[in-house]
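For reference, the structure discussed in these notes is given below.
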Amino acid sequence: MNHFLNIKSIKDLNKTVQDALALKANPYAYSSLGTQKTLVLLFFNASLRTRISTELAAKNLGMSVIVLNVNDAWQLEFEEGAVMDLQSSEHIKEAAQVISQYATIIGVRAFPTLTDKVKDQSEWVLNAFAAYASVPLINMESATAHPLQGLADAITIAEQSDKIKPKVVLSWAPHPKALPHAVANSFVRTMQLQDVDFSIVHPEGYDLDPSIVKHTAVSNNQIEAFKNADFIYAKNWSCFTDYGKILKPKSNWMITEEKIGKAKFMHCLPVRRNVVVEDAVLDSPKSLCIDQSNNRTFAAQIVLKQILESL
Ligand code: CP
């Protein structure tokens with residue numbers, strides 16, 4: 001693997017999931033692989049899980065890690081040919097080349113604007129690093145994708161499922177703020193590559209990007225969609241068509257103990273209790289949220305391992 005920009009960067013997802021579970025059983029098996037190698041993590045946005053699990057994954061492989069909150073550095077310019085006489089002090093062309101001299105691998109987290117659909121869909125930050133950096137990149141959640149989360153979710157389903165082909169439902173859930181599509185997109189793309197009975201349910205108006213959903217079953221009836229589900233994955237996202245907007249409140253879409261029945265509950269975290277999902281679900285053994293967060297380490301570790309082995 002060179003860059004890890006989305007879930008399709010992984011050649012064999014099923015094998016990678018099994019390899020990640022083997023790493024989970026023996027996290028220090030490759031503790032010399034990253035000796036004298038450095039991972040630089042660039043955060044344009046806040047993080048708890050990605051920040052810590054990716055650093056831990058790198059350290060399990062013997063790498064050194066440097067973290068930069070990009071907002072503490074010089075303001076970056078991304079526009080080609082820009083006359084930089086306003087706020088931006090440094091162009092991505094220099095910054096990416098400079099950071100590449102310090103890093104064996106660079107991780108980037110850069111959320112969407114949710115106001116400029118064309119710009120967000122172009123993945124302008126991630127692709128600018130891909131264009132000007134001379135080392136492999138890891139997507140730590142971009143405008144349209146969160147593949148480390150998607151991989152961690154696949155690992156979680158693989159280790160928790162007692163069925164050959166479990167029923168997995170991605171459900172939109174309420175949230176007071178407009179949120180990106182990245183987690184939902186990557187979960188959809190990942191489930192499409194797995195041997196699962198997968199469907200999406202959301203209120204009318206919250207269709208995801210049709211070029212990602214493709215032929216995946218979609219409905220607008222949450223109760224029907226949840227029948228006989230083995231895994232229910234809740235996530236809020238804002239409108240894709242009426243880009244970045246939220247429609248009138250839909251608190252009746254909150255995930256409840258009654259609705260999920262015997263299904264396991266999944267969410268990438270952070271989660272707003274009693275808005276997205278009620279306490280009774282999160283505080284029950286049906287919730288896999290903490291397992292998902294644990295598996296973020298082994299998702300990052302298997303990706304770093306594959307990149308290091310390809311250098
Ligand atoms: N799930 C996830 O990516 O969490 P953070 O935003 O805290 O990194």
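Each ligand, and each atom within it, is numbered from 1 in the order the structure gives. One-based numbering along the sequence shown. Since the model is a prediction, treat every value here as computed from it, not as a measurement.
In this model, a donor atom of one side chain and an acceptor atom of the other lie less than 3.5 Å apart for Lys259 and Gln222. Counted by atom type alone, Thr50 and Glu141 present zero donor-acceptor pairs between their side chains at under 3.5 Å. No donor-acceptor contact under 3.5 angstrom links the side chains of Thr144 and Asn185, judged on distance only. Ser142 and Asn139 share a side-chain donor-acceptor pair at under 3.5 Å. Side chains of Gln18 and Asn14: no donor on one and acceptor on the other come within 3.5 Å.
The option with the heavy atom closest to atom 1 (N) of ligand 1, from among Leu269, Leu48, Thr54, is Leu269. Closest heavy-atom approach to atom 3 (O) of ligand 1 within the set Glu141, Arg49, His146: this belongs to His146.
Heavy-atom distances between Met140 and ligand 1 stay at or above 4.0 Å for every pair.
Within ligand 1, counting atoms from 1 as listed, the ones closer than 4.0 Å to a heavy atom of Cys268 are 1 (N). Against a heavy-atom cut-off of under 4.0 Å, Gln149 is close to the following atoms of ligand 1: 1 (N), 2 (C).
Relative orientation of the Phe240 and Tyr243 rings is perpendicular, given thresholds of 30° and 60° on the angle between their planes.
Residue Leu148 does not touch ligand 1, judged by heavy-atom distances below 4.0 Å.
Of all protein heavy atoms, the one lying nearest to atom 2 (C) of ligand 1 is Arg296 NH1, 3.4 Å.
On a distance-only criterion, Arg109 and ligand 1 share at least one N/O pair closer than 3.5 Å.
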